[in-house]
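Written below as structure tokens is the structure these notes are about.
What you see below is based on every heavy atom in this structure, not just the backbone, and it leaves out hydrogens, waters and symmetry mates.
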Amino acid sequence: MALCLGQVFSKDKTFRPRKRFEPGTQRFELYKKAQASLKSGLDLRKVVQLPEGENLNDWIAVHVVDFFNRINLIYGTMSEYCTERTCPIMSGGLRYEYRWQDGDDYKKPTKLPALKYMNLLMDWIESLINNEDIFPTRVGVPFPKNFQQVCKKILSRLFRVFVHVYIHHFDSICSMGAEAHINTCYKHYYYFISEFNLIDHSELEPLVR
């Protein structure tokens, strides 16, 4: 019998504190609507569709934060198996290597151990979703013109976490009984990015070949 999410993923192992939506805000209501749809057993292809009358950027913002929380939790649980010894390079098998670049401390693509890469990735995403100029939370404050481009970059880099976990730590996933939950999270993510064309298809090659 499959374990429930709470039994598989320990909340105290989340890689970064969960980003929460402020109760009473439009985004909190959208988040509740999205979660209710997920739990209803509806087809995930329909769950990701923009609800009638809702703003697309708000819908994307809610999902980017939710995927950050979920993938953060997945990797936080797996991180004890992902060390500098076991994963000296952030990669997805022999064909795909991911190098870190943020324009600040790492101005050029830099080869890093997976754990170090994940730390930098989660810090980088957290700084963006907490930035009011990019993810505004106040009523009436518009999204910046480059909002969707920023989200595309976030989602593209989060995809690399799935690649690394699936290819390098799948045995550990199975031993924990977590594969069904990770598969559902990945399918949700995949249908969402596909619905709104948020990632170039070529970047998905490591898991769709």
Side-chain angles (χ1 to χ4, degrees), residues 5-6 9-40 42 44-51 53-79 102 117-165 181-199 203:
L5 190 63
F9 299 115
S10 173
K11 292 288 176 61
D12 62 1
K13 287 188 176 180
T14 186
F15 214 48
R16 291 291 182 279
R18 288 173 61 83
K19 171 71 175 175
R20 301 186 183 279
F21 299 100
E22 197 68 34
T25 63
Q26 181 183 15
R27 241 169 263 159
F28 179 73
E29 296 305 316
L30 267 182
Y31 172 72
K32 287 200 302 182
K33 184 182 293 186
Q35 292 302 302
S37 295
L38 271 176
K39 293 174 182 176
S40 70
L42 289 174
L44 286 172
R45 291 180 182 85
K46 294 181 179 179
V47 166
V48 300
Q49 293 173 358
L50 179 68
E54 298 294 353
N55 177 273
L56 176 58
N57 283 340
D58 274 318
W59 190 239
I60 291 175
V62 164
H63 280 80
V64 166
V65 172
D66 191 40
F67 287 133
F68 167 72
N69 285 336
R70 290 171 181 271
I71 295 169
N72 174 31
L73 181 58
I74 288 169
Y75 185 73
T77 303
M78 302 303 305
S79 61
D102 55 24
Y117 184 102
M118 298 295 187
N119 270 293
L120 291 168
L121 173 60
M122 297 305 175
D123 282 345
W124 175 76
I125 295 174
E126 193 171 29
S127 70
L128 290 173
I129 62 180
N130 287 330
N131 186 335
E132 283 285 332
D133 292 332
I134 301 172
F135 279 74
T137 58
R138 297 185 299 277
V139 176
V141 177
F143 287 92
K145 291 181 179 179
N146 68 336
F147 174 72
Q148 290 190 24
Q149 287 303 119
V150 171
C151 289
K152 287 178 180 180
K153 195 164 187 179
I154 291 173
L155 291 166
S156 174
R157 289 183 169 183
L158 281 175
F159 175 74
R160 299 172 182 181
V161 182
F162 281 120
V163 173
H164 184 75
V165 168
H181 301 294
I182 293 180
N183 288 343
T184 298
C185 183
Y186 175 67
K187 286 178 183 176
H188 183 201
Y189 166 93
Y190 178 79
Y191 290 140
F192 184 78
I193 61 170
S194 298
E195 175 75 13
F196 302 107
N197 298 310
L198 294 171
I199 291 187
E203 294 193 45

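For Tyr190, there are no side-chain hydrogen bond (donor to acceptor under 3.5 Å, both in side chains) partners at least two apart in sequence or on another chain. For Tyr189, the side-chain hydrogen bond (donor to acceptor under 3.5 Å, both in side chains) test picks out no residue, with sequence neighbours left out. Applying the ring-ring contact (aromatic ring centres under 6.0 Å, His included) rule to Tyr191 yields no partners; only residues at least two apart in sequence or on another chain are considered. Applying the side-chain hydrogen bond (donor to acceptor under 3.5 Å, both in side chains) criterion to Ser127, with sequence neighbours excluded, gives no partner residue. Remark: Asn131 pairs with Asp133, Ile134 by the side-chain contact (heavy atoms from CB on, under 4.5 Å) rule, at least two apart or across chains. Every residue two or more places apart in sequence or in another chain was checked for a side-chain hydrogen bond (donor to acceptor under 3.5 Å, both in side chains) with Arg157, and none qualifies.
Between the side chain of Trp124 and the main chain of Ile154, no donor-acceptor pair closer than 3.5 Å is present. Under a 3.5 Å cut-off, the side chain of Ser156 and the backbone N or O of Lys152 do not form any donor-acceptor pair.
Checked against the 6.0 Å centroid criterion, the rings of Phe143 and Phe135 do not qualify as a close aromatic pair.
If you take CZ on Phe68 and CD1 on Ile129, they are separated by 4.5 Å, rounding to the nearest 0.5 Å.
The salt bridge (Lys or Arg N to Asp or Glu O under 4.0 Å) pairs that include a residue from residues 134-151 are Glu132-Arg138, where partners are two or more places apart or lie in different chains.
The heavy-atom pair separating Val165 from Tyr75 by the smallest distance is CG2-CD1, 4.1 Å. Nearest heavy atom pair, residue Pro136 against residue Pro144, reads CD-CD, 4.4 Å.
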